[in-house]
Structures are given as C-alpha cells and as structure tokens.
Amino acid sequence: MTGRLLSPWRIASAAVVVGLLAAGAVTAGLAGSKAAPGGTGRAGQAARQRRPQVVQQGASARAGLRLMAEAAAACKTVAYYGVQVAIRWGRGGTSASVVQIWHRPGSTALAQAASTESGSPASALGTPQDAAGIIGLSPQLLSLMRTNYVISYSGAGTADDRPAQVVEVWRADGSLAARFWLDASTKLPLRRELFDSSARMTSEDAFISLHVGESRLAGMPPASARAWAGELRRGSLAALRSAGWPVPRALPGGLSLFSASRASTPAGTVVDLSYSDGLSVISLFLQRGQLPRSLAGWKPEEMQGRDVYASDSDDQSITWSAHGFVYTMIADAPDATVAAAVSRLPHDPDTDFWQRMERGFRRLASWANPFG
Amino acid sequence: MTHLGQRLSALIDEELDGAERDRALSHLARCESCRAEVSALRVLKRRMNALGETAADAELTGRLIGLAGLAGLGSMSGGPEARAPWPSASWPGLPGSDRMTAGSWHETGRPGWHVLGGSLAVLLAGLGTAAFLMGGEQQAPAPRITPAVDTYMLQNDLVNGVVPVAPAPHPGDKPAPHGP
C-alpha cells in the first residue's frame with residue numbers, strides 16, 4: 001500500500017534531501033556558526049535580525065492573524081496527501097525524518113514515518129511510531145499563539161514549488177520565534193521554521209510533496225489508535241490535586257495546560273497533561289510509583305542540575321521519579337524550553353554525604369536520648 | 001513486594017502518621033524479613049538508650065579509666081614520676097627520650113592509650129556507619145514503573161492532531177492503555 005502511494009524514487013529523493021539537509025546542519029555546527037542551521041538567504045538573514053521592540057500592529061498583524069486562522073481551518077477541511085521532512089537540532093545532535101501524511105476533511109491526519117537511508121552520520125531517523133514534526137495548526141493552538149506571540153504577515157514566498165504567503169511569529173522581546181509558509185490557494189501550512197531566543201533554528205518541517213484533493217487518499221491506511229477517552233476537566237484536575245497528584249497549571253515559557261486526560265493501565269492510572277504556548281508542545285505523563293534501578297533504553301543525563309533519564313532514541317523524551325510519582329515528558333520544543341520545564345517540576349532533593357551523615361547523627365542522637 | 005526499607009526507622013521512632021503507620025504495620029504482618037529487621041533495630045535503639053544512661057555513671061567511668069591506666073597519664077602530666085603509657089622506642093635527640101625505652105608497654109601489661117584509641121576508633125566508625133545508614137532518604141514504598149514511552153508518544157501525537165499508522169506488532173510490545 002505504501003509502495004503504491006510513495007514510489008521508491010520519491011523515498012530515495014526524500015532520503016537524499018534529508019541527508020543533504022542534515023549534512024549541511026552538521027557542517028554549520030562544526031563551523032561554529034551562530035547562524036540558524038539550514039537558514040539560507042532571506043530566512044537566515046531574517047532570523048539573525050531583531051525586530052524593533054514595538055512590533056507593528058497594523059495591517060500586517062491583521063493579515064497575519066487572518067491567514068493563520070485560515071490555515072487552522074484548512075488543516076481541518078482540506079483533503080490532501082503529502083510527504084514532509086522534519087529536522088531537529090537539539091542537544092543530542094541533528095535528527096531528521098520523512099513522514100507520509102494523509103488527511104480527510106473532518107478527521108485527524110494520519111501519519112507514517114518512512115524508513116530512509118542516509119549516508120550522513122548525524123542523521124538519526126525517526127522510528128516508525130514517531131510522527132513528531134507534523135506541521136499542524138488548530139484553533140486552540142492559534143489562540144495560545146496569539147496570547148504569547150505577535151503574528152505578522154511578512155510577504156509572498158514559495159515552498160515546495162508552490163506560491164505561498166509567509167507569516168512570522170515574534171516574541172514580545174522582538175526576537176523571531178517562527179516562520180510559516182502557507183499555501184496561497186488552500187492556506188495549508190507548507191513549511192515551518194522554529195527559532196530559539198538566540199535566533200538559532202531549532203526545527204524545520206516542510207512538505208516536499210503535496211497533492212491536494214481526495215485522489216491520493218484511496219489507499220489511506222487505517223488509524224492505529226484513538227486518543228485516551230478519559231478527558232479531565234477542571235473539576236477532575238482539582239480532585240487530582242487534592243489527592244496529591246502534581247498537576248501544574250502552567251510550565252515556564254508561557255506553556256499553558258490545554259489538554260488533560262487519564263487512562264487506566266495494568267501498572268496503574270496514567271495522567272496525560274499537555275502544555276503549549278502555541279508553537280511548542282510538551283506532554284507530561286504522570287504515574288504513581290518510582291523508576292526501576294536500571295532503565296533499559298534510557299541514559300542518565302543532567303538537566304539544569306537535575307538528574308533525569310533521556311531516551312536513547314529520542315532526546316525529546318525525558319523521565320524521572322520524585323516524591324512517589326514517575327514523570328515522563330514528551331516534548332516538541334526547543335531544548336531551553338524543555339530544560340526550564342524539567343527544572344520547574346518536582347525532583348527529589350540531592351543529598352550529599354555530609355547532609356546524609358548529619359541526618360543520621362540526629363536520628364541516632366534522638367535514639368540515645370533517654371527522654372526521647 | 002516492596003519492603004519498608006528506610007521507613008522502618010521512622011516506624012520505630014513513631015514518626016509515621018496514622019495512614020502510613022497502618023500501611024507499615026500491615027506490611028509487617030505479612031513480611032517476615034521486615035519483622036526481623038524491626039526487631040534488630042529495636043534492640044539497637046534499646047542499646048543506644050542504655051548507652052546514654054551509662055554515660056552518666058561517673059563510678060563506672062572512673063573504673064574504666066583506672067583499668068586503662070589513665071591514672072598514670074595524670075601523673076605524667078604533672079609529677080616527677082611521669083611515664084609514657086604507650087610502647088615506645090628510644091628517640092635520639094628528644095628530651096627525655098632516654099626514659100621512653102622499648103618494652104615499657106610489655107612491662108606494664110596494660111594497653112593504655114591503644115585500648116582507648118582503638119575503642120574510640122571502633123566506636124566512631126560504628127557510629128558513622130550507623131549514621132550513614134540511618135541518614136538515607138526516606139521514601140514511601142512505591143511500585144517500580146518503567147515508562148511506556150511508545151504508548152505515551154502515540155497519545156502525544158493524538159493530542160497534537162496526528163494519528164500514526166499502526167506499526168506491525170512486535171512480540172513483547174506493551175498493550176496500549178484503555179480509557180476508563
């Protein structure tokens with residue numbers, strides 16, 4: 001089925017593109033360049049520039065908002081089949097993946113990561129289950145984006161050889177946070193670049209092939225799963241907090257809790273809390289218990305002075321346990337945002353040797369006290 | 001089964017509140033090893049208490065000092081009959097070293113400073129070890145959980161508006177959780 005929709009030539013082309021992009025990113029990193037990796041020409045120059053503190057709120061802002069609202073609607077209503085390339089620059093190096101996407105109007109997009117071959121040693125390809133990096137917009141995310149950023153229409157451009165309208169997203173401090181290329185005819189997002197506050201590109205997602213309409217959806221594979229049905233509303237979250245569950249209302253960086261659900265597993269109840277600022281998304285999974293002494297598939301890591309485990313295959317997955325809960329974070333966010341969120345959440349206190357001895361002596365002294 | 005671990009000492013010290021204490025006692029009723037550990041810790045605590053009381057016994061202290069030959073030490077510091085209570089060889093060039101002759105310890109037959117120093121060292125080492133063991137972080141007993149990260153990534157994708165295509169099942173895959 002996949003072979004009928006995605007020809008070997010197309011996969012080979014995608015692999016070459018991914019390899020070249022990843023190799024370029026590694027070369028840029030080795031050169032110690034402060035420029036945004038992969039940012040060439042106009043995009044790279046703009047990322048290094050600072051917009052004036054007072055962002056223009058005139059026609060460009062109104063046009064930007066209108067276009068993004070149309071893009072969020074198009075993500076729900078336009079039928080398409082396409083292939084996207086997703087590249088990340090994180091603390092674990094560069095990762096890239098190629099993903100096929102099918103979408104029928106009114107339903108959730110279906111994604112499948114394509115296995116690719118690349119000669120670049122820096123290319124860590126996504127696993128078949130990993131559909132991260134899909135350019136998606138929803139009214140909910142757009143609302144959060146409007147709260148945390150300034151959206152502005154930048155001008156015309158092209159993406160995937162299609163005419164596009166470019167919308168930029170700016171932080172309050174005047175730094176560029178993201179740039180979207182929206183298809184001029186359908187308003188579907190064709191390309192997205194995300195930047196950290198140092199104007200360094202953290203991710204780039206782009207269609208390398210897009211077929212609008214239902215003609216390519218005949219062989220659409222079935223969906224694998226449904227989202228957890230146990231949606232948690234405000235009252236349920238309050239009840240969880242009363243029962244001792246650590247359910248933060250927000251995470252650093254303007255990330256607000258926008259979705260919460262619960263599922264029952266053989267190992268107990270798992271709570272999924274999703275936070276976003278409109279651009280980055282962090283899902284936090286909570287479960288009562290503690291991590292085992294050895295954790296296969298994870299490597300110990302220190303993040304802002306906190307001891308955590310990062311997934312071997314994906315440095316955006318982090319876990320640790322503290323105060324009787326296991327925290328697992330799945331992030332689609334810049335490293336700095338992830339680190340700030342990790343440091344804000346509960347951790348067991350670090351106890352050095354002398355603190356431990358002091359506590360022990362206090363306890364022994366209390367035992368030796370005949371009046372104790 | 002998860003044992004009480006460091007919470008045993010808290011139980012013995014009666015520092016657990018109602019629910020925690022009930023859980024701990026319930027565990028003790030089922031767990032022979034924890035019961036044995038509780039007994040051992042209670043004996044240790046009783047002995048530590050007894051040690052505290054004994055320390056105030058001046059008569060016993062005097063007897064111990066006498067046995068260790070510390071009376072000689074007192075005269076050495078102030079009187080003309082001072083004699084080193086430790087075994088020593090001659091120390092050429094040192095004033096009075098001619099009196100520190102080899103074999104003096106054997107002559108007295110009393111270990112003196114060696115016994116006292118050794119006892120103190122053993123006591124300190126024992127106390128240090130006990131303090132280190134007792135000073136560990138006390139965590140409530142909790143089940144060991146390995147994060148089902150594949151399931152979590154799937155849920156994360158679904159929340160973000162993307163449904164991954166079902167991968168071919170692998171033996172040993174964890175079952176996806178079901179909503180309540």
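Protein chains get the first letters and strands the later ones, always in sequence-line order, with residue 1 at the start of each.
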Query raised in the report: What part of A/Ser261 is in contact with chain B, defined as an atom under 4.5 angstrom from a non-hydrogen atom: side chain, backbone, both or neither?
Result: side chain

Requested in this report: Give, as side chain, backbone, both or neither, the part of A/Tyr327 having an atom under 4.5 angstrom from any heavy atom of chain B.
Outcome: neither

Inter-residue atom distance [X].[atom1] - [Y].[atom2], 0.5 Å rounding:
{"X": "A/Ile330", "Y": "B/Asp157", "atom1": "CD1", "atom2": "CG", "answer": "9.0 Å"}
{"X": "B/Asn156", "Y": "A/Phe285", "atom1": "CG", "atom2": "CZ", "answer": "5.5 Å"}
{"X": "A/Ser138", "Y": "B/Asn160", "atom1": "OG", "atom2": "CG", "answer": "8.5 Å"}
{"X": "A/Ser283", "Y": "B/Gln155", "atom1": "OG", "atom2": "CD", "answer": "7.5 Å"}

Query - Enclosure of B/Lys45 NZ (heavy-atom neighbours >12, cutoff 6.0 Å) - result: yes

Query raised in the report: Do B/Tyr152 and A/Gln287 have side chains that get closer than 4.5 Å, going by heavy atoms?
Result: yes

Query raised in the report: Heavy atoms, side chains only, cut-off 4.5 Å: are B/Pro147 and A/Leu295 in contact?
Result: yes

Report summary line: In terms of heavy-atom pairs under 4.5 Å with chain A, the winner among B/Leu44, B/Leu158, B/Ile145, B/Val159 is B/Ile145

Query raised in the report: For the side chain of B/Arg144 and the backbone of A/Gln290, is there at least one donor-acceptor N/O pair under 3.5 Å apart?
Result: no

